[in-house]
Amino acid sequence: MSIEALVKEYSSLSDAEQAEFLALIGVETDEDDLSPEWEAEIDRRWQEVSDGTATLVSGEELSKKLTEKFGVEFKLP
């Protein structure tokens with residue numbers, strides 16, 4: 001079966017069947033763990049990144065700022 005056929009079959013399942021399928025193949029989802037407010041906030045932030053209006057900070061800069069603010073050295077992996 002092709003990937004396209006699998007996607008089509010999956011899309012035709014009910015929400016409950018999709019959740020059961022994902023559980024059977026070992027995929028964990030935590031969509032239900034987020035409040036609507038957090039989902040909206042994530043969407044807002046993602047939109048800012050997508051449209052280029054977000055102010056992004058490098059990992060090195062973030063580590064430096066956290067170290068300065070909290071007096072604890074933060075190292076990125």
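Just the heavy atoms: all of them, side chains too, but no hydrogens, waters or symmetry mates, feed the values below.
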Contacts of type side-chain contact (heavy atoms from CB on, under 4.5 Å), residue Glu68, not counting sequence neighbours: Lys64

Holding to side-chain contact (heavy atoms from CB on, under 4.5 Å), I want the full list of residues that pass it with Ser11, two or more places apart in sequence or in another chain. Val7

Is Glu41 salt-bridged to Arg44, going by a charged N under 4.0 Å from an acidic O? yes

Ile3 atom CD1: more than 12 heavy-atom contacts under 6.0 Å: no

Is Val57 reachable from Val49 through a run of I, L, V, M, F, W or Y residues, each pair having side-chain heavy atoms under 4.5 Å apart? no

May I ask whether Leu56 and Ile42 are part of the same hydrophobic cluster, defined by side-chain heavy atoms of I, L, V, M, F, W, Y residues being less than 4.5 angstrom apart, directly or through others? no

[X]: what forms a salt bridge (charged side-chain N to carboxylate O under 4.0 Å, His left out) with it, not counting sequence neighbours?
X: Glu61; result: Lys65
X: Glu9; result: none
X: Glu4; result: none

Rounded to the nearest 0.5 Å, the OG1 atom of Thr53 sits from the CD atom of Gln47 at a distance of 7.5 Å

With a 3.5 Å cut-off and sequence neighbours excluded, list the donor-acceptor pairs that the side chains of residues 15-22 form with protein atoms.
unit_1: Glu17; atom_1: OE1; unit_2: Ser14; atom_2: N; d: 2.8
unit_1: Glu17; atom_1: OE1; unit_2: Ser14; atom_2: OG; d: 3.3
unit_1: Gln18; atom_1: NE2; unit_2: Tyr10; atom_2: O; d: 3.0
unit_1: Gln18; atom_1: NE2; unit_2: Leu13; atom_2: O; d: 3.4

